[in-house]
Structure formats: structure tokens, C-alpha cells
**Student:** 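Before I ask anything, here is the structure I am working with.
Here the structure is a predicted model, which means the values were calculated and not measured. Residues: numbered from 1 along the sequence shown.
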Amino acid sequence: MTESADADLLSEAVELACEAGRLTLDWFNDHELSVGRKDDGSPVTEADKAAETFLREALSKRFPDDGVIGEEYPEEQGTSGRTWIIDPIDGTRSFVRGVPLYTTLLAMIDQHGPAIGVAAVPPLDEAVWAGRGLGCYHNGRRCQVSPQTELSRSYLCASGFEWWPEGAFDRVKTAGARMRTWGDGYGYVLVSTGRTEAMIDPGLNLWDIAPMLVIIPEAGGRITQWNASTTPSAGDWLATNGAIHDELLARLRGG
């Protein structure tokens, strides 16, 4: 049986992620916010950099032997076998437009796999977190996925539809489910708390998905890439309540 995560370590991660998230509020809805562009064309702001810098410095001080991977700065190698993964603002496009559904993400992967995941939603003062073997919590209360078993009666989230492969949207649409764009990290928050049944998210980086690899299973759901792999990596991901996973995955893949 895989070893459970350390509860005290999870508490520290929640504290840090929420504090980093609150830091981003200093720039949220700032009409004079300067928005830069990275090499891939995606936006980046001073808030992204400040929140990631805060987390890197805090992690380095508390866990100097751990590795760190983040969206905005180069990877830092560690020697402990543990790696922290940071996305300071998941949903920067939402952030710069004043949409309050962006998240601050923090995860830790150890020698046994995904161990800790935190998704904070700063403008809503909301957070979901989980530790391997410790369960999933929403603002301190245990949470779980929806019991809905019928895809036709489910709510499906996506960050957008422009990234979907040809035909995938039509195959999912014909299932009759309600499709919404409560996207980025917030879509996974909704799945883990039973407010929606699925989050469909192609084209992710590791920092976009790492916390969800703990949060969704600990909430009783299921999360895989579209090719059914569960390996922590960039790719096309699907998170569900478990009951509709296989049917929805088949539609996405054209099976």
C-alpha cells in the first residue's frame, strides 16, 4: 500500500498556497496592470512572478533539499526525492480581465507519486486541498465528487473549446450533457466538490495539472490523460466523478 502523505506537510502547503494567492489580489482588477508576453505568446504579469517568487523562497527556506518546478522560472533540482510544482496564477487570461475564477496551484510529488495538491481561488476566498491517503477538503471540510451516473444529466467544464481536436466537441455535445466554460483550475475545484461532473482540459503543462492528480482521486473521482495514462506530465487531461469517465473518454477519443 502506498504511503500516505504527511498531514503537517499538507497543512504547510495549504498555508503557503493561500498566502501566495492572497498576494495576487494586490494586482487583481488593477486597470493599469502591465501584461507581458512569454515566448509561447501566453500572458504574464508582475503578479504571476511575485507569487511564484514568494513560493520558491518559502519552499527553499523550509525544504532546502527539495526540487522546484514552476511556470515562470527555471527548474531547481533537489536531492530529497521530493519536487514541488507551482502555478502562481492558473488562468492568467482570466486574471488580467478581472474574472475571479483564477487559481493559485501548488503540488508536491515524491518517490511514490503525487502526494499533495492545493488549489486556492483567491478572489472567492476558497480553496481545495488533498494529501495522498488523507482525503480532500474544501475550506476545511471534507468534500467529494458528485454521485451522478448519467452523462446526459451531467455538467461538463472546459477552459475553452478552441483547443479540442477535430470532432471531439461534436461527439461530446451529442451526449446531451450541459457544457460550461468554468475553466482552468477552477473547473477541477468544481469537480472535486461535486458541483460539476467533469473537467475536460487538453494541452496542459505539468504545473496546470499536478495538484489535481491528488485532489480528484482523494475526492473519490478519476483523472487520466485522454490516452488513459495517469503519468504526471504535460498532455490532454480529463477529470470526472468516476462514474461517467469511461463513456466521456470514449467520446473524446472517438471510440
Side-chain angles (χ1 to χ4, degrees), residues 17-18 20-25 27-29 33 35 37-38 40-45 47-49 51-52 55 69-72 85-107 114 117-130 136 138 145 155-164 168-169 172 178-216 219 221 223-226 232-240 252:
C18 289
R22 286 190 292 270
L23 183 63
T24 67
L25 294 174
W27 289 271
F28 185 57
N29 269 330
L33 178 68
V35 181
R37 294 287 169 181
K38 294 186 282 191
D40 63 1
S42 61
V44 62
T45 71
D48 294 84
K49 295 178 179 179
E52 183 165 328
L55 284 170
I69 295 173
E71 180 173 7
E72 308 304 340
I85 303 169
I86 302 167
D87 191 343
I89 297 180
D90 185 52
T92 301
R93 290 180 176 86
S94 295
F95 176 82
V96 300
R97 287 178 171 266
V99 178
L101 301 183
Y102 70 90
T103 53
T104 296
L105 306 181
L106 181 62
V118 186
V121 194
L124 304 185
D125 194 24
E126 186 175 352
V128 166
W129 61 85
C136 187
H138 175 231
V145 297
Y155 276 73
L156 314 183
C157 293
S159 296
F161 301 109
E162 62 268 36
W163 303 286
W164 288 36
F169 178 82
V172 172
R178 300 292 185 268
M179 301 179 73
R180 300 291 185 267
T181 51
W182 300 317
D184 302 309
Y186 192 62
Y188 298 91
V189 170
L190 294 176
V191 174
S192 66
T193 53
R195 289 176 280 180
T196 64
E197 280 71 43
M199 175 63 180
I200 303 168
D201 222 6
L204 299 186
N205 291 297
L206 176 59
W207 47 77
D208 298 311
I209 198 63
M212 317 313 172
L213 302 180
V214 188
I215 288 171
I216 297 299
I223 183 167
T224 70
Q225 294 193 50
W226 292 17
S233 63
D236 303 331
W237 286 88
L238 170 66
T240 73
L252 288 169

**Student:** Looking at every heavy atom in both Ser192 and Ile215, which two are closest together, and how far apart are they?
**Tutor:**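 That closest heavy-atom pairing would be CB-CG2, 3.6 Å.
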
**Student:** Assess the residue pair Met199 and Leu190 against the criterion (side chain to side chain contact (heavy atoms under 4.5 Å, CB included)); give the C-alpha distance rounded to whole Å, side-chain angles, the decisive distance to 0.1 Å, and a yes or no.
**Tutor:** CA-CA 8 Å; Met199 175 63 180; Leu190 294 176; over 6 Å; no

**Student:** Could you tell me which non-hydrogen atom of Asp184 sits nearest to which non-hydrogen atom of Gly91, and how far apart they are?
**Tutor:**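 For Asp184 versus Gly91, the nearest heavy atoms are OD2-CA, 3.5 Å.
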
**Student:** Supply the atom-to-atom distance Leu252 CG to Leu238 CG, rounded to the nearest 0.5 angstrom.
**Tutor:**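 One gets 6.0 Å once the value is rounded to the nearest 0.5 Å.
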
**Student:** Between Ala119 and Val189, what is the shortest heavy-atom contact and its length?
**Tutor:**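 It is CB-CG2, 4.0 Å.
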
**Student:** When rounded to the nearest 0.5 angstrom, what is the spacing between SG in Cys18 and CD in Glu126?
**Tutor:**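 Going from SG on Cys18 over to CD on Glu126, the span is 10.5 Å.
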
**Student:** For the OH atom of Tyr188 and the CG atom of Leu213, what is their distance to the nearest 0.5 Å?
**Tutor:**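 The CG atom of Leu213 is 9.0 Å from OH of Tyr188, to the nearest 0.5 Å.
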
**Student:** Is atom OH of Tyr155 surrounded by more than 12 heavy atoms (other residues, nucleotides or ligands) closer than 6.0 Å?
**Tutor:**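 Not more than 12 within 6.0 Å, no.
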
**Student:** Under the side chain to side chain donor-acceptor pair (under 3.5 Å) test against Ser159, which residue among Asp90, Thr181, Asp201, Asp208 passes?
**Tutor:**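 The option that passes is Asp201.
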
**Student:** With a sphere of 6.0 Å drawn around CZ of Arg178, does it hold more than 12 non-hydrogen atoms of other residues, nucleotides or ligands?
**Tutor:**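 Counting other residues, nucleotides and ligands, CZ of Arg178 stays at 12 neighbours or fewer.
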
**Student:** Would you give the length of the straight line joining atom CZ of Arg195 to atom NE2 of His138, rounded to the nearest 0.5 angstrom?
**Tutor:**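 Atom-to-atom, Arg195:CZ and His138:NE2 are 4.5 Å apart.
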
**Student:** Mind checking the CG-OG1 spacing from Leu156 to Thr240? Nearest 0.5 Å is all I need.
**Tutor:**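 One finds 10.0 Å between CG of Leu156 and OG1 of Thr240.
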
**Student:** Is there a donor-acceptor contact under 3.5 Å from the side chain of Thr104 to the main chain of Pro88?
**Tutor:**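 Looks like yes, one N/O pair under 3.5 Å.
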
**Student:** Go through Ser94 and Tyr186 one step at a time and tell me if the side chain to side chain donor-acceptor pair (under 3.5 Å) criterion holds.
**Tutor:** CA-CA 11 Å; Ser94 295; Tyr186 192 62; over 6 Å; no

**Student:** As a quick check of understanding, evaluate side chain to side chain contact (heavy atoms under 4.5 Å, CB included) for Leu106 and Trp129, giving each step before the final call.
**Tutor:** CA-CA 9 Å; Leu106 181 62; Trp129 61 85; over 6 Å; no

**Student:** Of all the heavy-atom pairs spanning Cys157 and Thr196, show the shortest one and how long it is.
**Tutor:**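 Result for this residue pair: SG-CG2, 3.6 Å.
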
**Student:** Should the heavy atoms of other residues, nucleotides or ligands under 6.0 Å from CG of Asp125 be counted, would the total exceed 12?
**Tutor:**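 For Asp125, atom CG is not crowded (no more than 12 foreign heavy atoms under 6.0 Å).
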
**Student:** Within the side chain of Gln225, is there an N or O that forms a donor-acceptor pair under 3.5 Å with the backbone of Gly235?
**Tutor:**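 Here the side-chain-to-backbone pair does not exist.
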
**Student:** If we ignore angles and hydrogens, is there a donor and acceptor under 3.5 Å between the side chains of Tyr102 and Thr24?
**Tutor:**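 Looking only at side-chain atoms, Thr24 and Tyr102 do form a donor-acceptor pair, the distance falling under 3.5 Å.
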
**Student:** May I have the step-by-step check of side chain to side chain contact (heavy atoms under 4.5 Å, CB included) for Ile223 and Ile209, ending in yes or no?
**Tutor:** CA-CA 10 Å; Ile223 183 167; Ile209 198 63; 3.7 Å; yes

**Student:** May I ask you to decide if Gly160's main-chain N or O and Trp164's side chain share a donor-acceptor pair within less than 3.5 Å?
**Tutor:**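 Judged by distance alone, yes, a pair lies under 3.5 Å.
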
**Student:** Tell me the closest heavy-atom pair linking Glu71 and Ile89, and the distance in Å.
**Tutor:**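 Residues Glu71 and Ile89, closest heavy atoms: OE1-O, 4.3 Å.
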
**Student:** Is any side-chain heavy atom of Ser42 closer than 4.5 Å to a side-chain heavy atom of Arg93?
**Tutor:**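 When only atoms from C-beta onward are counted, Arg93 and Ser42 do touch, with a gap below 4.5 Å.
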
**Student:** Closest heavy-atom contact between Val214 and Ala130?
**Tutor:**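 Reported closest heavy-atom pair: CG1-O, 3.6 Å.
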
**Student:** Could you walk me through whether Ile69 and Trp207 pass the side chain to side chain contact (heavy atoms under 4.5 Å, CB included) check?
**Tutor:** CA-CA 8 Å; Ile69 295 173; Trp207 47 77; 4.2 Å; yes

**Student:** Side chains of Arg37 and Pro43: closer than 4.5 Å at any heavy-atom pair?
**Tutor:**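 They are in side-chain contact.
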
**Student:** Give, for atom CH2 of Trp237 and atom CD1 of Ile216, the distance between the pair rounded to the nearest 0.5 Å.
**Tutor:**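 Interatomic distance, Trp237 CH2 to Ile216 CD1, rounded to 0.5 Å: 11.5 Å.
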
**Student:** Just say parallel, tilted or perpendicular for the rings of Phe28 and Phe95, cut-offs at 30° and 60°.
**Tutor:**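 It falls in the tilted class, 30° to 60°.
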
**Student:** Taking side chain as C-beta onward, heavy atoms only, is Leu105 less than 4.5 Å from Ile85?
**Tutor:**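 When only atoms from C-beta onward are counted, Ile85 and Leu105 do not touch, as no gap falls below 4.5 Å.
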
